[in-house]
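In this text the structure is predicted, and so the values were computed from the model without any measurement. Throughout, residue positions are numbered sequentially from 1 according to the sequence presented.
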Amino acid sequence: STFSGNEAGDFGNRDDLFPEILRDEAVARLYELGQVSDASGYLERTFLSPASMRAIKLISRWMEDAGLRTWVDQMGNVHGRVEGANANAEALLIGSHLDTVIDAGIFDGSLGIISAISAVKVMHKKGKLEKLSRPVEVIAFSDEEGVRFQTTFLGSAAVAGTLPVKALKISDKRGATVEDVLKENSIEMTEETFSKLKYDPRSVWGYIEVHMEQGPVLEQAGYPLGVVKGIAGQTRLKVTVRGSQGHAGTVPMSLRQDPMAAAAELIVLLESLCKNPEQYLSYDGHCSDLSVKSLSTSLVCTVGEISTWPSASNVIAGQVTYTIDVRAIDDTGREAVIYELSNRMHQICDRRSVSCDIERKHDAGGVISDPHLSSQLKSAAYSALKKMEGDIQDEVPTLMSGAGHDAMAMSHLTKVGMLFVRGSISHSPQEHVLDDDVWAAGLAILTFLETL
Ligand SMILES: NC(=O)N[C@H](N)C(=O)O
Ligand SMILES: [Mn+2]
Ligand SMILES: [Mn+2]
């Protein structure tokens, strides 16, 4: 059957479905958090911005309301923890991110935090928190999108212990470093406190994350939930093209070194290479035919940001800067694409007598979810949907994630699993997840916790 996602059908005994907490309150909180923005008129909440600080307070309150002990660490991650019946057992971590892109939707990141808190709140109401077989900790990470500093996972990589201390020196467009931003929020960060953020792998059992799919698969399947089998790897580059700035009216075309026209050619090259990688990538040892084949289905490349100097209509630009985002399931293939791309970019720049600077801003290898965690998430999702919809035939879909998630960073600390919730449009104010699918997500986490 396909799940309409409207009012669910005739329920089993409704009193173990908790719609008031897992749907109504959770949806209300998504809208409330969605209003916490650094901009008026659209949603923007970047690393440790004023809106992020307000979001931290709101999320802390919700965690306390769910019976969790809360604290905020020096990288702005909000933690809510309950020790359960065996305080010395390895903990289950459940997380997602509280930061957003620019002109964001209200579900990306927030859904995973709010549905986890709601599931814990139901356990709290049922007096079951203290009976949990292991400690459970919800973490709202401070920077997954990496919009402000272009390196992502500042919060989760700090917890996973993979964030290099030199990250504190990374600066944003205004020249403010991560350290400056911490100081602005009166967070004194020393190398010692920085290293204290890292969790001991022996104290962690696993990490799960609930996140909207941000793609079409679950909508096509007519299914509210899906299990993530893996997350594509990603690389972010910053390209600076420098030419000779000049007068738009007097410099003959043949004498121009125009970085704007060069950037245009470079961007079209990126698009054609990523649309047809097999036409560009030779089998010269950089790329096996297996990688090239997997590239043709999973490779995606994007130029999302571009700026130019001096940006005046009657001036030939002096400099153009733009970002490149490359993703693929196969890390070898992604590396081969970047290798080939850089070579061809330099050829174009040389031919145009402009200079090309390609800076590698961020790399995250692809991640395969832990099969055991995934099967537990799958059965939790299945039984949650069975409770909501009565009988269901087909099984819970499994799918890949082209989007990055904090689970990529956490995979360096512990085994990870992810549950996707139906919702295709994202990184846009049109982003939407149905109320009943929010409910299904909360019920799935509740079931997962009860069978922990
Ligand atoms: N680190 C990231 O990949 N951030 C977003 N989730 C993204 O997919 O772009
Ligand atoms: Mn996102
Ligand atoms: Mn996200």
Side-chain angles (χ1 to χ4, degrees), residues 8 11-30 32-33 56-72 77-96 110-140 199 203-210 225 372-373 376-390 414 417 419 421 435-452:
F11 292 113
N13 47 339
R14 288 177 59 105
D15 57 5
D16 67 349
L17 295 175
F18 307 98
E20 299 76 16
I21 295 176
L22 300 177
R23 182 188 61 195
D24 305 340
E25 183 180 69
V27 169
R29 287 176 168 180
L30 281 160
E32 184 179 355
L33 186 54
I56 284 171
K57 289 192 180 61
L58 190 55
I59 291 166
S60 301
R61 264 212 319 274
W62 290 340
M63 286 178 168
E64 277 145 28
D65 168 60
L68 294 169
R69 170 173 65 86
T70 66
W71 70 96
V72 181
N77 301 311
V78 193
H79 301 252
R81 185 177 174 108
V82 59
E83 297 308 329
N86 309 305
N88 300 326
E90 296 163 331
L92 166 70
L93 306 181
I94 314 180
S96 200
S110 306
L111 174 64
I113 296 165
I114 287 170
S115 52
I117 294 172
S118 302
V120 168
K121 179 169 177 174
V122 169
M123 295 283 278
H124 179 43
K125 290 247 174 246
K126 290 165 73 172
K128 282 189 163 178
L129 274 190
E130 278 55 47
K131 298 192 184 76
L132 279 165
S133 61
R134 60 177 72 256
V136 170
E137 186 173 325
V138 180
I139 312 180
Y199 275 35
S203 70
V204 179
W205 177 70
Y207 171 81
I208 59 171
E209 180 166 357
V210 172
L225 301 175
H372 176 61
L373 268 185
Q376 282 183 290
L377 283 169
K378 192 169 196 169
S379 41
Y382 186 84
S383 62
L385 293 170
K386 202 164 162 47
K387 275 187 213 162
M388 284 177 76
E389 299 275 338
T414 185
L419 193 63
V421 189
D435 293 3
D436 283 356
D437 292 356
V438 173
W439 185 9
L443 208 50
I445 301 174
L446 175 62
T447 311
F448 184 92
L449 292 177
E450 285 175 338
T451 50
L452 202 56

Parallel, tilted or perpendicular: ring planes of Trp71 versus His79, cut at 30 and 60 degrees: parallel

From CA spacing to verdict: side chain to side chain contact (heavy atoms under 4.5 Å, CB included), Leu132, Lys128: CA-CA 7 Å; Leu132 279 165; Lys128 282 189 163 178; over 6 Å; no

Side-chain donor or acceptor of [X] paired with backbone N/O of [Y] under 3.5 Å:
| X | Y | value |
| --- | --- | --- |
| Asn86 | Arg134 | no |
| Arg23 | Asp435 | no |
| Tyr207 | Thr414 | no |

Which atoms form the tightest heavy-atom contact between [X] and [Y], and what is the distance?
| X | Y | value |
| --- | --- | --- |
| Pro135 | Ala89 | CD-O, 3.4 Å |
| Ala444 | Ala381 | CB-CA, 3.9 Å |
| Leu129 | Ala66 | CD1-O, 3.4 Å |
| Ala140 | Ile113 | CB-CD1, 3.6 Å |
| Leu377 | Gly417 | CD1-C, 3.6 Å |
| Ala26 | Val438 | CB-CG1, 3.9 Å |

Side chain to side chain contact (heavy atoms under 4.5 Å, CB included) between Leu92 and Leu449, intermediate numbers included: CA-CA 9 Å; Leu92 166 70; Leu449 292 177; 3.8 Å; yes

Trace of the side chain to side chain contact (heavy atoms under 4.5 Å, CB included) decision for Val421 with Leu225: CA-CA 5 Å; Val421 189; Leu225 301 175; 4.1 Å; yes

Whether over 12 other heavy atoms sit under 6.0 Å from Lys57 NZ: no

State the [atom1]-[atom2] distance between [X] and [Y], to the nearest 0.5 angstrom.
| X | Y | atom1 | atom2 | answer |
| --- | --- | --- | --- | --- |
| Leu22 | Leu17 | CG | CG | 8.5 Å |
| Gln376 | Thr447 | CD | OG1 | 12.5 Å |
| Lys387 | Phe18 | NZ | CZ | 8.0 Å |
| Leu68 | Ile117 | CG | CD1 | 7.5 Å |
| Glu83 | Glu130 | CD | CD | 10.0 Å |
| Leu111 | Ser118 | CG | OG | 9.5 Å |

Test side chain to side chain contact (heavy atoms under 4.5 Å, CB included) applied to Leu373 and Trp205, step by step: CA-CA 10 Å; Leu373 268 185; Trp205 177 70; 3.8 Å; yes

Lys/Arg N to Asp/Glu carboxylate O, Glu20 vs Lys125, below 4.0 Å: no

Results of salt bridge (Lys or Arg N to Asp or Glu O under 4.0 Å) for Asp65 - residues two or more places apart only: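 In terms of salt bridge (Lys or Arg N to Asp or Glu O under 4.0 Å), with neighbours along the sequence ignored, Asp65 is linked to Arg29, Lys121.
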
